[in-house]
Amino acid sequence: MASELDESDESPSIEILSPALDSMREGAVVANAAGELTYFNHAAKTMIGIGLSDAGNDWSRIYGTYRPDGKTRIATEDLPLARALGGESVDSEPIFVRNAERPDGLHILVSARPVRDRSGKFCGAIATFRDVSLRREIEAGLTQSETAFQRLIENSPDGVVVHRAGRIVFVNRALLAMLGHDDAAGLIGENALDVLVHPDDANRVADGIERAEADAPLRSVEMRCKTIDGGSIECEATAIGLLFERRISTLVTFRDLSARKRIEARLQISERMASVGTLAAGIAHEINNPLAYIVANLDVCEEQLREIADDSPSSKLSDLLEALAETREGAERVRSIVTGLTTFSRTDETRTVIDLHQTLEVASNMSSNEVRHRARLERSLGPVPMVKAAEAQLAQVFINLLVNAAQALPEGEADKHTISVSTSTDSAGNAVVRVEDDGRGVAANIRKRVFDPFFTTKPVGEGTGLGLFICHQTITALGGTMSLDDSELGGAKFQVVLPPAAEGATVSPQLRVDPPSSEPGGRLLIVDDEPLVRKSLTRAFKLEHEVSTASGGHEALERIRAGEHFDVILCDLMMPDMSGMQLHAKLVELDHALADRMIFATGGTFSSTASDFLARVENPRVKKPTDVRTLRALVRSVMSSRPRSAQRG
């Protein structure tokens with residue numbers, strides 16, 4: 001009887017429990033002590049597709065149970081329910097089920113427990129399970145997304161580091177290359193602030209990281225990152241909190257600002273140079289006007305005093321002539337300096353055929369204040385071919401080399417030191433310029449870096465590290481080379497090699513100064529807004545020509561329209577009321593032949609309009625100040641080209 005009661009105890013218990021089990025969302029399967037399946041709840045049958053079966057105890061075959069890979073079948077004795085019948089408790093065992101009713105299969109997590117009655121007697125086992133297919137799909141998607149995300153940041157051109165609680169867990173290749181590391185092993189696990197951030201920027205960056213961890217993205221912060229060699233690079237950092245490897249982390253991107261900083265620095269220099277150039281052009285123009293009448297008056301005084309001295313020689317006249325000659329030499333030095341300013345002020349990059357010796361002369365004049373306090377400047381100028389370049393840019397290269405050479409020498413010992421400038425032509429027909437000094441030279445270990453941007457050996461505040469970089473780029477763009485070597489003088493030697501201009505290219509011919517002509521003069525109109533220029537030129541020409549003057553283009557045009565006849569017009573190019581260019585345009589319509597006989601005097605052409613005009617017209621032009629003899633020769637030359645019917649005499 002007791003045996004019958006024991007066998008019948010199970011059914012009432014299941015019947016009592018079945019409403020509760022059927023209401024569960026998880027599947028439930030019960031087996032008796034003999035290993036026979038006795039109960040499937042509704043959820044179990046729905047999930048697996050098969051309920052209780054009379055096919056026997058080969059559960060694995062009946063229900064189609066596999067390992068999570070979906071390929072390896074699980075033997076019946078290894079199933080969680082079978083193990084529970086053996087007294088084992090099983091928790092969350094992953095199983096894949098696939099059968100005729102569930103051909104696509106599903107993933108379940110199974111837990112199983114032995115079951116005992118109230119007296120503690122073993123009476124079977126129960127297994128519960130839930131469908132985790134959707135969760136596994138989500139997890140697989142997350143894993144795929146994480147893999148794609150890691151691949152994305154690994155191949156990002158910007159440096160990326162992920163840290164958790166301040167410790168680095170991921171570094172991409174770009175950041176390793178940026179900071180000079182071979183692999184990530186030396187960084188993983190390290191404190192991000194200690195190994196990546198310059199100490200002076202650490203506090204500021206730490207504040208930003210705290211905001212990022214608080215879900216407030218760090219907006220672009222400029223900072224310095226430490227490189228493996230102890231240096232630093234300017235970076236732009238952005239941080240954001242996220243889940244990385246399913247744990248709360250902080251991702252920081254670093255963008256190398258070196259290239260942008262170089263561009264910004266070059267733009268600043270370009271803007272500053274453009275401003276200086278505009279100022280220099282204006283100064284040159286303002287100096288040239290008074291210098292023009294100073295030189296003209298000096299020439300006239302010298303001529304007339306020499307005539308008097310020839311007729312009545314005296315020591316006083318000799319002293320006056322000597323004083324005038326010295327003053328004329330001083331004016332010539334001023335003219336040379338102003339010519340340098342004019343060249344330096346040109347901002348266009350149009351390449352023209354130029355004489356290297358003239359460009360070196362400009363560079364020497366412009367850098368003379370730096371050089372003369374530190375060294376003697378020696379020149380050894382051999383023949384060189386013409387080269388094609390933007391003269392202002394090329395002059396800047398040589399100015400930079402001369403100033404660098406001077407700054408390598410101590411002040412106040414000019415008699416003990418030498419800077420040498422030499423030119424020659426190499427075997428390939430290239431022009432070669434060498435700038436050498438007898439200073440301390442450049443150490444071999446840094447010589448290869450002198451043309452790198454931002455590299456400088458000068459103290460902070462004395463150099464940007466861009467001078468030689470820009471010079472090197474300028475020469476390279478011209479098809480040339482620039483190199484550094486030891487000098488025989490003991491210091492550094494910079495060598496510039498430039499290809500020759502195209503065969504047959506020539507520079508503008510210099511005016512040939514002819515002796516005074518005995519032919520009769522003509523009517524000369526001098527147009528200039530500077531009264532003393534008009535007065536000095538009248539004095540210089542009145543013995544040879546009939547001279548009239550006008551204070552500007554409007555006045556000259558009115559007189560010509562009124563019927564006055566002129567053989568030659570000597571006209572200032574830049575004037576406030578009507579420029580020489582505008583007057584020329586009016587005369588082309590009114591009297592084209594007279595427009596062709598205009599001579600333009602420039603005190604420093606500093607506008608693109610003026611430059612374009614001079615490049616377009618073929619009229620003669622002179623730079624202020626020009627010596628009287630040269631100017632007279634030019635006027636005679638133009639005067640002789642007028643139609644014979646218009647010539648006087």
Side-chain angles (χ1 to χ4, degrees), residues 3 6-143 246:
S3 175
D6 288 342
E7 291 176 359
S8 64
D9 275 349
E10 185 177 3
S11 295
S13 298
I14 293 300
E15 289 175 1
I16 293 170
L17 291 175
S18 62
L21 293 175
D22 280 337
S23 68
M24 291 173 54
R25 302 172 93 178
E26 290 84 3
V29 179
V30 178
N32 61 22
E36 297 171 338
L37 298 178
T38 60
Y39 179 76
F40 263 64
N41 75 346
H42 179 70
K45 184 175 181 180
T46 300
M47 274 189 269
I48 297 178
I50 304 173
L52 289 174
S53 172
D54 297 329
N57 292 337
D58 190 0
W59 304 339
S60 178
R61 182 182 60 79
I62 296 168
Y63 298 105
T65 54
Y66 298 84
R67 298 289 179 193
D69 61 10
K71 299 177 181 178
T72 308
R73 190 181 292 277
I74 303 175
T76 297
E77 61 269 22
D78 292 330
L79 289 171
L81 186 60
R83 289 156 59 189
L85 287 171
E88 182 182 350
S89 292
V90 181
D91 288 311
S92 301
E93 181 85 12
I95 292 176
F96 183 73
V97 176
R98 184 175 61 242
N99 53 49
E101 299 297 325
R102 289 284 180 269
D104 294 333
L106 75 158
H107 291 273
I108 59 175
L109 280 181
V110 184
S111 297
R113 294 286 188 276
V115 175
R116 299 180 184 277
D117 62 16
R118 290 180 182 144
S119 65
K121 180 182 177 182
F122 175 76
C123 61
I126 184 170
T128 60
F129 52 90
R130 64 183 185 273
D131 185 354
V132 294
S133 297
L134 179 60
R135 192 180 83 177
R136 283 182 64 89
E137 288 179 11
I138 293 172
E139 288 177 346
L142 285 173
T143 300
R246 305 186 191 182

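Everything numeric in this text was worked out from a predicted model, so none of it was measured.
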How about E26 and L21: do any of their side-chain heavy atoms sit closer than 4.5 Å?
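Contact flag for E26/L21 side chains = no.
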
From [atom1] ([X]) to [atom2] ([Y]), nearest 0.5 Å:
X	Y	atom1	atom2	answer
I108	I48	CD1	CD1	5.5 Å
N41	M24	CG	CE	6.5 Å
S60	E77	OG	CD	8.5 Å
L85	I126	CG	CD1	11.5 Å
R67	F96	CZ	CZ	14.5 Å

Could you tell me which residues satisfy side chain to side chain donor-acceptor pair (under 3.5 Å) with [X], sequence neighbours excluded, listed by chain and number?
X	result
T128	none
T46	none
S111	none
R130	none

Heavy-atom pair of closest approach, residues [X] and [Y]:
X	Y	value
I62	I50	O-CD1, 3.6 Å
M47	L106	O-CD2, 3.7 Å
P114	F122	CB-CE1, 4.1 Å

Taking atom types as modelled, find out whether N32 and Y39 have a side-chain donor-acceptor pair closer than 3.5 angstrom.
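No.
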
Does the side chain of D58 come under 3.5 Å of the side chain of T76 through a donor N or O and an acceptor N or O?
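D58 vs T76: donor-acceptor pair found between side chains.
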
Test: ring-ring contact (aromatic ring centres under 6.0 Å, His included). Region: residues 66-85. Which pairs qualify, not counting sequence neighbours?
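Those involving residues 66-85 do not exist here.
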
Presence of salt bridge, K45 and D22, under 4.0 angstrom:
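Looking at D22 and K45, the cut-off is not met.
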
Using the side-chain contact (heavy atoms from CB on, under 4.5 Å) rule, take V30 and E36 through it: C-alpha gap first, then chi angles, then the decisive distance, then the call.
CA-CA 8 Å; V30 178; E36 297 171 338; over 6 Å; no

Who are the side chain to side chain contact (heavy atoms under 4.5 Å, CB included) partners of [X], not counting sequence neighbours?
X	value
A127	L81, V110, A112
A82	W59
E88	R83, V90
S119	D117, K121

Can you check side-chain contact (heavy atoms from CB on, under 4.5 Å) on F129 and V29, steps first, answer last?
CA-CA 9 Å; F129 52 90; V29 179; 3.7 Å; yes

Any pair with a residue in residues 97-110 that passes side chain to side chain donor-acceptor pair (under 3.5 Å), sequence neighbours left out, goes on the list, sorted by first then second residue, please.
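Only H107-R136 qualify under side chain to side chain donor-acceptor pair (under 3.5 Å).
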
Among all residues two or more places apart in sequence or in another chain, which pass the salt bridge (Lys or Arg N to Asp or Glu O under 4.0 Å) test with D69?
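Salt bridge (Lys or Arg N to Asp or Glu O under 4.0 Å) list for D69, sorted by chain: empty.
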
